[in-house]
Asker: 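Take this structure, written in structure tokens, and hold onto it; I'll ask about it next.
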Amino acid sequence: QGPGTHRPLQGNLHLSQWGDSGSSWESVMLNGSPLIAGLRPVSQLYFSDVTADSLAVSWSAPAPPADRFDLYYGTHESSVESVVILDGSRTKAILSGLLPSRQYVITLVTMHGDTASEPVTGTVLTGTAVLLSIKNPVLHFKQNSRKTRRGVNVAVKGLSSTEKPKVAVLTCLLAVSGGGGGGGGVGGVSNLDQLGHWRVVVSTAGMDAPREMAVSACRLAVECLALSLLCFQELILDAEDTWIRLEGLAETTVYTVRLQAARGLETSAIVSTSFTTRQRLFSMPQNCAQHLLNGELLSSVYTIYINRDPSQGMQVYCDMLTDGGGWIVFQRRQNGLTDFSRKWSDYRTGFGNLEDEFWLGERTQGRYELRIDMRDGQESVYATYDRFSIGDAKSFYKLRIGEYNGTAGDSLSYHQGRPFSTKDRDNDIAVTNCALSYKGAWWYKNCHRANLNGKYGESRHSQGINWHKWKGHEFSIPFVEMKTRPFNYRETPAADGHADLYFGFQH
């Protein structure tokens with residue numbers, strides 16, 4: 001119901017609180033049926049490493065933590081679904097054994113006990129399965145025989161090296177993985193034989209040089225097939241869309257994009273353009289700065305790879321616009337929908353939604369800089385520190401920052417050298433438990449000049465989202481982002497090997 005609107009519930013109402021005294025998760029039972037308040041499910045699925053038969057799906061951890069996840073998946077045209085049961089600590093799953101060139105519908109349900117959240121659903125298209133990528137196909141000929149090399153089989157009948165018959169027939173065969181017998185098809189290609197081979201028959205009737213012409217015709221036919229399999233993809237966009245981001249493109253490759261509008265059965269003329277992708281500087285970007293140097297200019301969710309290890313990919317939100325871009329955003333406050341008064345384990349692993357409010361948690365190696373953006377309506381300020389690092393678990397993730405610059409005033413240097421504190425890990429020097437008293441988690445001292453993980457919208461002294469030098473201790477700042485990037489990353493693009501960034505307060 002809207003604000004100020006109330007509708008009485010009919011029946012027996014029972015409230016109970018789950019967890020410890022600091023938990024905000026309550027169960028509401030009406031006539032024995034559960035109604036959930038405070039259970040915030042996963043809001044979006046992210047897909048990566050999509051191949052012809054597998055893909056990775058990931059999500060942000062829900063709040064509060066789940067007991068388990070139920071992951072359902074199946075092709076768009078099929079009514080059969082598979083289900084995978086995952087532990088509640090998981091934020092990523094690998095699905096394998098998929099069919100190529102299929103639209104899959106994937107649904108994730110967050111479970112706590114027997115209570116299920118609203119499902120979150122995403123769709124993804126698997127890749128095209130092709131054994132052969134042809135640039136200059138190698139063709140071999142033998143009279144009345146067939147020979148295979150690199151997946152291309154050529155058979156010639158009724159043709160010798162000396163005679164020039166009026167008619168000769170050349171059959172080219174291209175091996176395509178996933179091909180079924182009985183004329184099945186892969187990726188829109190039909191006429192596959194029992195071995196998964198595609199056939200094209202070229203007639204050389206009336207040719208003066210049948211062998212040479214046949215070779216050229218066969219090569220052209222095979223190249224056309226490879227082009228249609230590997231490089232053509234059709235996307236249907238919503239009518240209100242005015243841009244689209246293309247992913248998974250090959251490097252140093254010429255692409256042609258064609259656009260056609262449709263209204264009912266009517267279609268417009270096709271407009272087209274071409275572009276050439278460039279070679280990426282970083283094949284396994286370790287941070288948002290490397291994504292930016294690769295030419296990724298849109299602020300969005302990206303995958304970074306810890307130590308350039310393909311198995312250690314993780315999702316982060318990259319700010320590609322502010323002050324030159326390349327920032328990993330590791331904290332955002334903007335609406336109060338996410339509770340930041342949490343335990344040590346939550347801050348260590350991270351929580352929230354990358355598209356909304358979240359805490360990523362981090363520990364840095366190498367020289368990084370820190371930027372904090374704050375906004376109140378049309379008024380915006382920022383604070384930057386030219387050095388930023390977080391210690392290891394033994395130091396309780398001690399904060400180290402460098403020289404301040406900006407328009408917000410320096411409220412963070414007061415916390416220099418302080419360990420991190422949460423309501424269940426009191427590492428401050430005050431008599432009171434600062435995290436518990438001021439509804440947050442921070443590098444508290446005695447207690448704070450900045451409290452950016454404080455209670456959203458709370459104006460009581462020192463309990464809200466505070467930055468003392470800008471708005472004092474009795475104003476809760478409506479919007480905050482904390483972000484980091486390698487220092488002088490544009491001057492040192494070869495830093496691929498030394499500036500690593502670890503997330504979730506690793507231990």
Side-chain angles (χ1 to χ4, degrees), residues 18 24-28 33-50 54-96 98 102-126 235-238 240-241 244-245 247 298-303 313-318 329 332-340 342 346 349-360 503-504:
W18 299 352
S24 62
W25 190 2
E26 293 179 344
S27 170
V28 184
S33 299
L35 302 173
I36 296 300
L39 175 59
R40 291 183 294 277
V42 177
S43 63
Q44 188 170 352
L45 301 179
Y46 305 98
F47 301 108
S48 60
D49 303 324
V50 180
S54 67
L55 61 87
V57 56
S58 56
W59 56 91
S60 299
D67 285 344
R68 75 172 197 271
F69 296 105
D70 292 350
L71 184 66
Y72 301 86
Y73 65 98
T75 59
H76 189 270
E77 62 271 16
S78 173
S79 59
V80 179
E81 275 190 331
S82 300
V83 62
V84 179
I85 308 300
L86 302 169
D87 184 81
S89 62
R90 296 278 295 275
T91 56
K92 184 176 183 179
I94 305 296
L95 302 181
S96 57
L98 309 180
R102 297 293 195 278
Q103 191 82 20
Y104 273 84
V105 179
I106 299 175
T107 300
L108 186 75
V109 177
T110 305
M111 302 294 297
H112 193 284
D114 294 327
T115 303
S117 72
E118 288 295 320
V120 57
T121 299
T123 60
V124 60
L125 180 68
T126 52
L235 301 173
I236 299 176
L237 309 178
D238 292 333
E240 62 269 19
D241 289 341
I244 186 172
R245 176 181 172 186
E247 298 181 328
L298 180 68
S299 294
S300 184
V301 176
Y302 291 84
T303 301
M314 67 170 296
Q315 301 273 308
V316 298
Y317 190 92
C318 296
V329 180
R332 184 188 297 129
R333 310 293 304 276
Q334 63 182 15
N335 52 33
L337 295 180
T338 300
D339 180 17
F340 276 67
R342 291 174 175 261
D346 293 328
T349 58
F351 56 85
N353 182 347
L354 292 176
E355 300 282 4
D356 193 17
E357 294 192 318
F358 66 93
W359 171 268
L360 198 62
F503 291 87

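Counting begins at 1 with the first residue of the sequence.
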Asker: Are the side chain of N335 and the backbone N or O of L337 linked by a donor-acceptor pair below 3.5 Å?
Answerer: yes

Asker: Enter the distance from T107:OG1 to E81:CD here, rounded to the nearest 0.5 Å.
Answerer: 6.0 Å

Asker: Y46 versus E355: any side-chain heavy-atom pair under 4.5 Å?
Answerer: yes

Asker: Could you tell me whether the side chain of L360 reaches within less than 4.5 Å of the side chain of L354, counting heavy atoms only?
Answerer: yes

Asker: Report the distance from atom CZ of R102 to atom OG1 of T126, rounding to the nearest 0.5 Å.
Answerer: 7.5 Å

Asker: Among all residues two or more places apart in sequence or in another chain, which pass the side chain to side chain donor-acceptor pair (under 3.5 Å) test with T303?
Answerer: Q315

Asker: Pick out which of L108, V84, L71 makes a side chain to side chain contact (heavy atoms under 4.5 Å, CB included) with V57.
Answerer: L71

Asker: Tell me every residue that passes side chain to side chain donor-acceptor pair (under 3.5 Å) with D87, counting only those two or more places apart in sequence or in another chain.
Answerer: S89

Asker: Show the nearest heavy-atom pair for residues S54 and S96, with the distance to one decimal.
Answerer: CB-CA, 4.0 Å

Asker: Can you sort out the partners of V124 under side chain to side chain contact (heavy atoms under 4.5 Å, CB included), two or more places apart, ordered by chain and number?
Answerer: F47, V50, L55, Y104, I106

Asker: Using side-chain heavy atoms (C-beta onward) and a distance below 4.5 Å, is P62 in contact with F69?
Answerer: yes

Asker: To the nearest 0.5 Å, tell me how far S117 OG sits from H112 NE2.
Answerer: 12.0 Å

Asker: Measure the OH-SG distance between Y302 and C318 for me, rounded to the nearest 0.5 Å.
Answerer: 6.5 Å

Asker: Using side chain to side chain contact (heavy atoms under 4.5 Å, CB included) as the criterion, list what pairs up with I94, not counting sequence neighbours.
Answerer: A56, K92

Asker: For the residue pair P119 and V109, what are the closest heavy atoms and their distance?
Answerer: CB-CG2, 3.9 Å

Asker: Tell me every residue that passes side chain to side chain donor-acceptor pair (under 3.5 Å) with E357, counting only those two or more places apart in sequence or in another chain.
Answerer: none

Asker: Would you confirm whether R332, through its side chain, and W359, through its main-chain N or O, come within 3.5 Å as a donor-acceptor pair?
Answerer: no

Asker: Using side chain to side chain donor-acceptor pair (under 3.5 Å) as the criterion, list what pairs up with D70, not counting sequence neighbours.
Answerer: R68

Asker: How long is the span from the CG atom in L95 to the CG atom in D49, to the nearest 0.5 Å?
Answerer: 12.0 Å

Asker: Please evaluate residues T121 and L45 with respect to the criterion side-chain contact (heavy atoms from CB on, under 4.5 Å), reporting the C-alpha separation (whole Å), side-chain torsions for both, the decisive distance (0.1 Å), and the verdict.
Answerer: CA-CA 7 Å; T121 299; L45 301 179; 5.9 Å; no

Asker: What do you reckon, are the aromatic ring centroids of F351 and F340 less than 6.0 Å apart?
Answerer: yes

Asker: Please say whether more than 12 non-hydrogen atoms of neighbouring residues, nucleotides or ligands are located less than 6.0 Å from CG in D241.
Answerer: yes

Asker: Just how far is it from atom OG of S60 to atom CZ of F358, taken to the nearest 0.5 Å?
Answerer: 8.0 Å

Asker: Please check: side-chain N/O of W59 versus main-chain N/O of V120, any donor-acceptor pairing under 3.5 Å?
Answerer: no

Asker: Kindly give the heavy-atom pair with the smallest separation between L86 and R90, and that separation in Å.
Answerer: CD2-NH1, 3.8 Å

